[in-house]
There are 2 protein chains.
Amino acid sequence: MRKIDENELFDLAELFKVFGDSTRIRILYKLSDKEICVQEIADSLGMTQSAISHQLKILKQSKLIKSRRDGKSILYSLADDHVRSIINQGLEHVEE
Amino acid sequence: MRKIDENELFDLAELFKVFGDSTRIRILYKLSDKEICVQEIADSLGMTQSAISHQLKILKQSKLIKSRRDGKSILYSLADDHVRSIINQGLEHVEE
DNA sequence: TTAACATATGAACAACTATTCATATGTACA
DNA sequence: TGTACATATGAATAGTTGTTCATATGTTAA
């Protein structure tokens with residue numbers, strides 16, 4: 001494997017930490033094929049709006065999702081294809 | 001993205017949780033090109049033998065690493081190429 | 001402007017986790 | 001068998017984190 005410095009490894013751990021929570025993974029999966037508003041995510045996961053909003057903030061800070069306003073709602077979606085790739089790569093290990 | 005059930009998402013989060021710790025990521029990186037014994041990992045990371053041993057146990061339970069005895073030492077190495085793939089995929093996102 | 005709706009945020013608490021310390025287990029060699 | 005070496009493990013602790021509750025911010029339409 002190519003050379004990776006300490007800071008990069010630290011950032012990498014931080015990234016995986018974000019994926020390492022079932023609420024956040026479920027949110028990312030919900031967003032994998034379409035953009036959704038906060039309340040819809042909360043309802044579909046059976047969680048409070050506040051809990052979801054807190055997690056969306058973490059996901060956005062990690063640049064895994066993006067958002068845009070649409071009237072009163074805010075629609076969230078995946079930031080780019082890396083997210084799908086990381087999830088798919090993880091699934092290959094889980095499915096053994 | 002293809003259909004994934006709740007249990008699979010839960011397992012996926014558990015997997016990423018293991019990657020989501022800088023000590024464990026650094027261990028995995030150390031093991032990425034050769035097998036190493038416990039004390040050598042501890043020395044190279046500047047941590048105690050006990051701390052490393054605890055983390056190795058977690059990594060092994062997640063089937064990310066394997067081990068074999070060599071005399072008094074136990075040599076650890078990556079379980080398979082999935083580990084490298086997952087790390088590389090994560091790096092692509094971190095390096096932006 | 002006011003009411004209703006949608007989302008964000010801060011504080012507090014409970015649950016979880018990584019490390020430390022002390023010690024146990026296992027191996028090799030004299 | 002006894003000693004030194006290498007690793008594993010259990011309990012305790014300190015630090016971290018996800019959720020809840022209450023409330024603030026922002027938007028729309030009457």
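Numbered from 1 within each chain, the chains take letters A, B, ... in sequence-line order.
Distance NZ (B:K57) to C1' (D:dT7): 12 Å, rounded to an integer number of Å. Straight-line distance from the CG atom of B:L56 to the P atom of C:dT17: 18 Å, rounded to whole Å. Going from atom CD of B:Q61 over to atom P of C:dT17 covers 12 Å, rounded to whole Å. At whole-Å resolution of the value, CG in A:D43 and P in C:dA6 are 10 Å apart.
Scanning all heavy atoms of the two residues, the minimum distance from B:K3 to A:Y29 falls at CA-OH, 3.1 Å. For the residue pair A:S62 and B:H93, the shortest heavy atom distance occurs at O-CE1, 3.3 Å.
Residues from residues 66-77 of chain B that place a heavy atom under 4.0 Å from any atom of DNA chain C, listed by number: B:R69, B:G71, B:K72. Residues from residues 26-42 of chain A lying near DNA chain D, meaning a heavy-atom separation below 4.0 Å, are absent.
Taking B:Q89 as the reference, A:S85, A:I86, A:Q89, B:E92 meet the side chain to side chain contact (heavy atoms under 4.5 Å, CB included) condition, with sequence neighbours excluded. Applying the salt bridge (charged side-chain N to carboxylate O under 4.0 Å, His left out) test to A:R69 and every residue at least two apart in sequence or in another chain returns nothing.
No side-chain donor-acceptor contact under 3.5 Å links B:S77 and B:K34.
A:E6 has a carboxylate O that lies under 4.0 Å from a charged side-chain N of B:R26, or vice versa, which qualifies the two as a salt bridge. Between A:E35 and A:R68, at least one side-chain N (NZ, or NE/NH1/NH2) sits under 4.0 Å from a carboxylate O, which counts as a salt bridge.
One distance of note links OG of A:S32 with CD1 of B:I4; it measures 7.0 Å at 0.5 Å rounding. Here A:E40 contributes atom CD and A:I52 contributes atom CD1; the two are 12.0 Å apart, rounded to the nearest 0.5 Å.
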Mind listing the side-chain donor-acceptor pairs of residues 10-21 of chain A below 3.5 Å, one per line with the distance, residues two or more places apart or on another chain?
from  : atom 1 : to    : atom 2 : distance (Å)
A:E14 : OE2    : A:K17 : NZ     : 3.1
A:D21 : OD2    : A:T23 : N      : 3.1
A:D21 : OD2    : A:R24 : N      : 3.1

Nucleotide N/O to protein N/O under 3.5 Å, stretch nucleotides 18-25 of chain C:
from   : atom 1 : to    : atom 2 : distance (Å)
C:dA18 : OP1    : B:R24 : NH1    : 3.2
C:dA18 : OP1    : B:R24 : NH2    : 2.9
C:dA18 : OP2    : B:R24 : NH1    : 3.3
C:dT19 : OP1    : B:T23 : OG1    : 2.7
C:dT19 : OP2    : B:Q55 : NE2    : 2.9
C:dT20 : OP2    : B:T48 : OG1    : 3.3
C:dT20 : O4     : B:H54 : NE2    : 3.2
C:dC21 : N4     : B:S50 : OG     : 2.6

